[in-house]
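So that the names make sense, note that chain A is the first sequence line, chain B the second, and so on, each numbered from 1.
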Number of protein chains: 2
Amino acid sequence: MKISAQEEYGLRCLVQLANLPSGESLTLPQIAEREGISAANAGKLMWLLNKAGFVNSTRGTKGGYFLARPADDIYLNEIIKVLDEDVLSSHCDSYTGVMDKCVHTGDCGIRPVIVGLHEIVENALSRITLAQMVGNEKTVDAMFHSIQGINRTIEPQRV
Amino acid sequence: MKISAQEEYGLRCLVQLANLPSGESLTLPQIAEREGISAANAGKLMWLLNKAGFVNSTRGTKGGYFLARPADDIYLNEIIKVLDEDVLSSHCDSYTGVMDKCVHTGDCGIRPVIVGLHEIVENALSRITLAQMVGNEKTVDAMFHSIQGINRTIEPQRV
DNA sequence: TCAATTCATTACTTTTTAGTCAAGATTGAG
DNA sequence: CTCAATCTTGACTAAAAAGTAATGAATTGA
Ligand code: FES
Ligand code: FES
């Protein structure tokens with residue numbers, strides 16, 4: 001269970017844009033430098049994010065990328081869904097071994113656990129916006145734990 | 001954020017062994033058939049799990065694999081740690097782009113989120129035993145949600 | 001003993017993911 | 001208009017993960 005390179009770097013690039021004063025934009029070399037990746041790689045990531053509607057771009061001198069929507073309106077689960085295709089809905093089509101379909105047809109004790117795990121992650125991500133990732137480590141860490149702390153699936157107790 | 005093939009199939013093979021009546025064992029072809037993977041692949045997985053101490057094996061006719069410990073004593077996070085190396089503790093060494101180290105030295109808003117996500121998963125897995133994955137889909141699903149429901153990180157409220 | 005069965009280990013091949021390159025298109029400045 | 005800066009796009013290359021093959025070693029039973 002790990003995050004892919006595309007998710008990691010794509011997310012980082014978006015945070016760089018979210019970090020920007022309103023009206024400004026970043027070029028590929030600028031993004032690349034700030035994240036320590038190559039400009040070519042940044043280009044590919046921004047292309048994906050552009051296609052998905054998270055960023056807009058302008059060409060030519062003074063061109064660059066900027067967020068297409070307000071950062072506090074973009075939730076991380078939307079981003080992750082674009083950067084790494086959704087496996088939650090197709091688990092049994094993805095891990096088929098040498099067969100065409102999962103062998104545990106119908107009754108399966110694995111699926112609820114794996115799918116449940118992915119749901120937990122999805123759930124956690126859907127509570128965080130891009131805007132909330134801007135800031136220093138301490139602030140973001142506090143935000144994360146505060147949000148996840150509220151993530152209770154238990155019913156309120158009666159007193 | 002997805003589970004790797006090794007995690008998926010390794011876990012499945014262990015569940016097959018956990019499913020077994022006490023004293024019995026499964027050969028590689030048997031495991032392979034039950035999981036719809038090749039015997040060679042099953043062999044590699046079982047080799048890993050054997051090295052890690054989750055299963056024991058006997059050779060020769062009537063040989064096979066069986067759990068080295070009681071299934072209700074094996075937690076999923078231990079298994080996953082063996083099947084897919086731990087990324088939780090080394091995030092900034094893994095995604096370094098073209099540099100040697102992460103660029104956001106010291107103060108980073110990404111790390112707490114990524115690390116936090118992995119912690120959530122680790123946490124969820126550490127609450128489930130292999131024994132709890134034996135059973136039909138409905139039972140396991142109920143077990144999973146019941147356990148995760150209790151997974152609250154919020155302090156008890158004062159009244 | 002000897003042959004069949006089974007695990008053990010390492011090397012190899014294939015597939016997938018990650019990352020790079022190069023040619024093209026658009027924009028703005030002078 | 002022309003040029004340099006910049007994004008766009010698809011093909012290409014490299015690296016990592018997944019899966020296969022082959023050889024060797026232990027065990028059992030005839
Ligand atoms: S994992 Fe797909 S049916 Fe069990
Ligand atoms: S992700 Fe490593 S320092 Fe930010």
Using only modelled atom types and a 3.5 angstrom limit, is any donor from either the side chain of Lys44(A) or the base of dG19(C) paired with an acceptor on the other? yes

What is the minimum heavy-atom distance between Ala68(A) and Asn56(A), and which atoms define it? CB-OD1, 3.4 Å

Where is the tightest heavy-atom contact between Leu17(B) and Tyr65(B), given as atom of each residue plus distance?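 Closest heavy-atom pair between Leu17(B) and Tyr65(B): CD2-O, 3.6 Å.
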
Roughly, in whole Å, what's the span from [atom1] in [X] to [atom2] in [N]?
X        : N       : atom1 : atom2 : answer
Asn41(A) : dC7(D)  : CG    : P     : 15 Å
Gln6(B)  : dT16(C) : CD    : C1'   : 15 Å
Phe66(A) : dC7(D)  : CZ    : P     : 11 Å
Tyr9(B)  : dT20(D) : OH    : C1'   : 15 Å
Asp84(B) : dA17(D) : CG    : C1'   : 10 Å
Leu83(B) : dG19(D) : CG    : P     : 13 Å
Tyr65(A) : dT27(C) : OH    : P     : 14 Å
Asn56(A) : dT6(D)  : CG    : P     : 18 Å

Considering only side-chain heavy atoms of [X], which listed nucleotide, [options], is closest?
X        : options                  : value
Arg59(B) : dA18(C), dT6(C), dG28(C) : dT6(C)
Ser4(A)  : dA18(C), dC7(C), dT20(C) : dA18(C)
Thr27(A) : dT20(D), dT6(C), dC7(D)  : dC7(D)

Point-to-point distance, once rounded to the nearest 0.5 Å, from SG of Cys13(B) to CD of Gln30(B): 12.5 Å

Categorize Ile37(A) for me: base, sugar-phosphate, or nothing, with a 4.0 angstrom heavy-atom threshold over every strand shown. nothing

Pick base, sugar-phosphate or nothing for Gly64(B), based on heavy-atom distances below 4.0 Å to the nucleic acid.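 Sugar-phosphate: the residue Gly64(B), judged by heavy atoms under 4.0 Å, touches backbone atoms but no base.
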
Are Arg127(A) and Glu122(A) within salt-bridge range, i.e. N to O under 4.0 Å?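 Judged by the 4.0 Å cut-off on N to carboxylate O distance, Arg127(A) and Glu122(A) do not form a salt bridge.
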
Sidechain N-carboxylate O distance under 4.0 Å for Glu7(A), Arg12(A): no

Which of residues 46-53 of chain A sit near DNA chain C, with a heavy atom under 4.0 Å from it?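 The stretch gives none, as no residue of it lies under 4.0 Å from the strand.
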
By nearest nucleotide on DNA chain C, pick out whichever of Ile3(A) and Thr58(A) is the more 5' one.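 So the residue in question is Ile3(A).
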
Heavy-atom nearest nucleotide on DNA chain D taken for Gly60(B) and for Glu85(B); more 5' hit belongs to Glu85(B)

Can you check side-chain hydrogen bond (donor to acceptor under 3.5 Å, both in side chains) on Asn136(A) and Thr139(A), steps first, answer last? CA-CA 6 Å; Asn136(A) 66 20; Thr139(A) 313; 2.5 Å; yes

Any side-chain N or O of Ser57(B) under 4.0 Å from OP1/OP2 of dA8(C)?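 Answer yes for this pair, as a side-chain N or O of Ser57(B) is under 4.0 Å from OP1 or OP2.
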
Would you tell me if any nitrogen or oxygen in the side chain of Thr61(A) comes within less than 4.0 Å of OP1 or OP2 on dA4(D)? no

Answer yes if the side chains of Glu35(A) and His104(B) hold a donor-acceptor pair under 3.5 Å, and no otherwise. yes

Does any part of the side chain of Leu130(B), heavy atoms only, come nearer than 4.5 Å to the side chain of Asp73(B), both counted from C-beta?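 Contact flag for Asp73(B)/Leu130(B) side chains = no.
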
